[in-house]
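Inspection log for the structure reproduced underneath, given as structure tokens.
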Amino acid sequence: MDSKAFISSLKDWVGKEVTLSGWLYNNRPSGKVQFLILRDGTGLCQCVIERGKIADDLYDALSRLGQESSLSITGTVRAEPRSPGGYELAACGAQIHGPATDYPITPKEHGIDFLLQNRHLHLRSQRPWCIGRIRHTVIDAIRRFFNDNGFILVDTPIFTTIAGEGEQTLFEVDYFGQPLHLAQTGQLYLESAAMSFGRVYCFGPTFRAEKSKTRRHLTEFWMVEPEVAYIDLKGLLELAENFVTSIVQRVLKDNRCELETLGADITGLEKIVPPFVRLTYTETADILASQKTVDFMARQLAEFVDQKAKYEKELADLEAQEAAGGLKKWQQEKNARRVLELRAEIAELEIKIENNPKHAQLAAGFRWGKDLGGSDETIISLMHDKPVFVTHYPRDAKAFYMKTDRSSGKVVENFDLLAPAGFGEIIGGSLREDDYQELFKRIEEEGYNPQSYQWYLDLRKYGSVPHGGFGLGVERTVAWITGEKHIRQCIAFPRLMDKIYL
RNA sequence: UCCCCGAUAGCUCAAUAGGUAGAGCGAGCGGCUGUUAACCGCUAGGUCGCAGGUUCGAGCCCUGCUCGGGGAGCCA
């Protein structure tokens, strides 16, 4: 008797006969035995097919089967360290469902454009699979954290009339003849819900028409936003650090295997526990313009140059070996692979070497009053191995709804959270201006029409309370945790500036 | 909107100083009892992004365009 099983639970089936259904990941046939790697969505398993144990014509059909053909294999489970998941299947039967030929994505390297053109298939590959599973954990941890801490979920509208940040980064839509735009934040709606439930959060897609072609930007991304009544900035920072810590700890617990496959910095993630670093904007500005940063950037540059020289030497050595000849075929192959890796690393370093002086110059020229740029955030986050809160930005550089710090008048009670090791911003948040007159003034200063904000102003008219919240970008969080360089890999179907593949 | 880089076989990349295009993978066929992006042999596969120009001769040099990558601004 055989039973249906999933690869992730094979440890419970050792010695028993089961049927696995999935897709062919790779096949290594030989005359008398073939090793067939099956993936079923829960993992990879090596299936051993011996000639004689199954019908000859089935054996031959299997050996000719193309990558990603769908099939079921029946066999006995046994522990086998040489199999990807630690267990293998000694096959006694198989059924081919959908043979595939010429699957475009091979086990070799591909360029990013090709992979995005084939994103519908690329999702089956190891890296997207690992990242997708971690994303699932991150989202589950987010919901659990808020649900377990007394937050009520409020779904805010996607078609909206109201702008959170500046007015220029919105996607306009024609709503039965009326111009509307896609939500770039649920925050303003959430503030009114917080006055009902006390602690609320919203979680959904967010749309921004920013023309940013960088590895940190998508035009459609997922953001979770908590909003809390009766909270001060100190409380908000504590909430944020407990929140981020809970996400990281959950991934460490549930997805260690995926993190290892991806080559993520697990020891770095293990350091993510409260308290995080706290800096004010003013302190940050001083650091950026200081000799410390000049030295830091110089040291970074020297490291890059040094590393590049090392890679170049290795590359030259490999090429010399190649030219000398006499290498075994497999050694040539291995070298060729390393050469590709080295070229990619060198290209990456060249970009860093090129950007370093520009970023150093931007930092050195930093003057109080400017918003922190992406490169400035990178520098600060590179200096720490824990997340960094930067608080109290200049009022003029920030959105109208942020609460002016009453002790200075020039800064707002806000914060950004920078993920460590150079990743940069994953959270932006603030206390909200809760005084009617102050808020009205700010709306006018920004040139907005107060009438559009009538209901928002109402919240300050009827029982206003100190309150605040923040937004965490899911893809950025996933990219930081997984060590993925580009956030387009952290969502199944990314929307990029000027580009939608599928 | 601005700055930098790139486009050669289905894929990833080579082509020294301008001299009529190569490798690996993938595909097809054959071989191999345990492989780990297996290995060995053979076969097929290219209008060098597009349009001009320089030259006896252009993948390589020049101009324009298209597409892609990275970065600045802005931000999650």
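From a predicted model like this one, the values you see are computed outputs, not experimental measurements. We name chains A, B, ... by the order of the sequence lines, and we start the count at 1 in each one.
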Inset, instruction - Decide, applying a 5.5 Å centre-distance limit and a 30° plane-angle limit (both strict), whether A:F35 stacks on B:rA38. - result: no
Legend entry - Base partner of B:rC39, which must satisfy Watson-Crick or wobble distances under 3.5 Å: B:rG31
Legend entry - Under-3.5 Å donor-acceptor pair between A:Q46 side chain and B:rU35 base: yes
Inset, instruction - Taking A:Q34 for its side chain and A:Y59 for its backbone only, find out whether a donor-acceptor pair lies under 3.5 Å. - result: yes
Legend entry - Polar side-chain contact A:S375-B:rG71 base: donor and acceptor under 3.5 Å: no
Inset, instruction - Could you please name the option among B:rG69, B:rG34, B:rC29 that lies closest to any side-chain atom of A:V48? - result: B:rG34
Inset, instruction - Starting at CG of A:N356, measure out to CD1 of A:I351 and round the result to the nearest 0.5 Å. - result: 13.5 Å
Inset, instruction - Select from A:I487 and A:V33 the residue whose nearest nucleotide in RNA chain B is closer to the 5' end of that strand. - result: A:V33
Inset, instruction - May I ask you to verify whether the side chain of A:E88 and the base of B:rG34 hold a donor-acceptor pair under 3.5 Å? - result: yes
Inset, instruction - Go through the side-chain N and O atoms of A:R135 and A:T137 and say whether any donor and acceptor fall under 3.5 Å apart. - result: no
Inset, instruction - Look at the side chain of A:H217 and the base of B:rC75, then say whether one donor and one acceptor between them are separated by less than 3.5 Å. - result: yes
Legend entry - Distance test, side-chain N/O of A:R28 to OP1/OP2 of B:rA38, below 4.0 Å: yes
Legend entry - RNA chain B: 5'-proximal contact among A:Y501 and A:G373 (nearest heavy atom): A:Y501
Inset, instruction - Would you state whether a donor and an acceptor, one from the side chain of A:R488 and one from the base of B:rG69, lie under 3.5 Å apart? - result: no
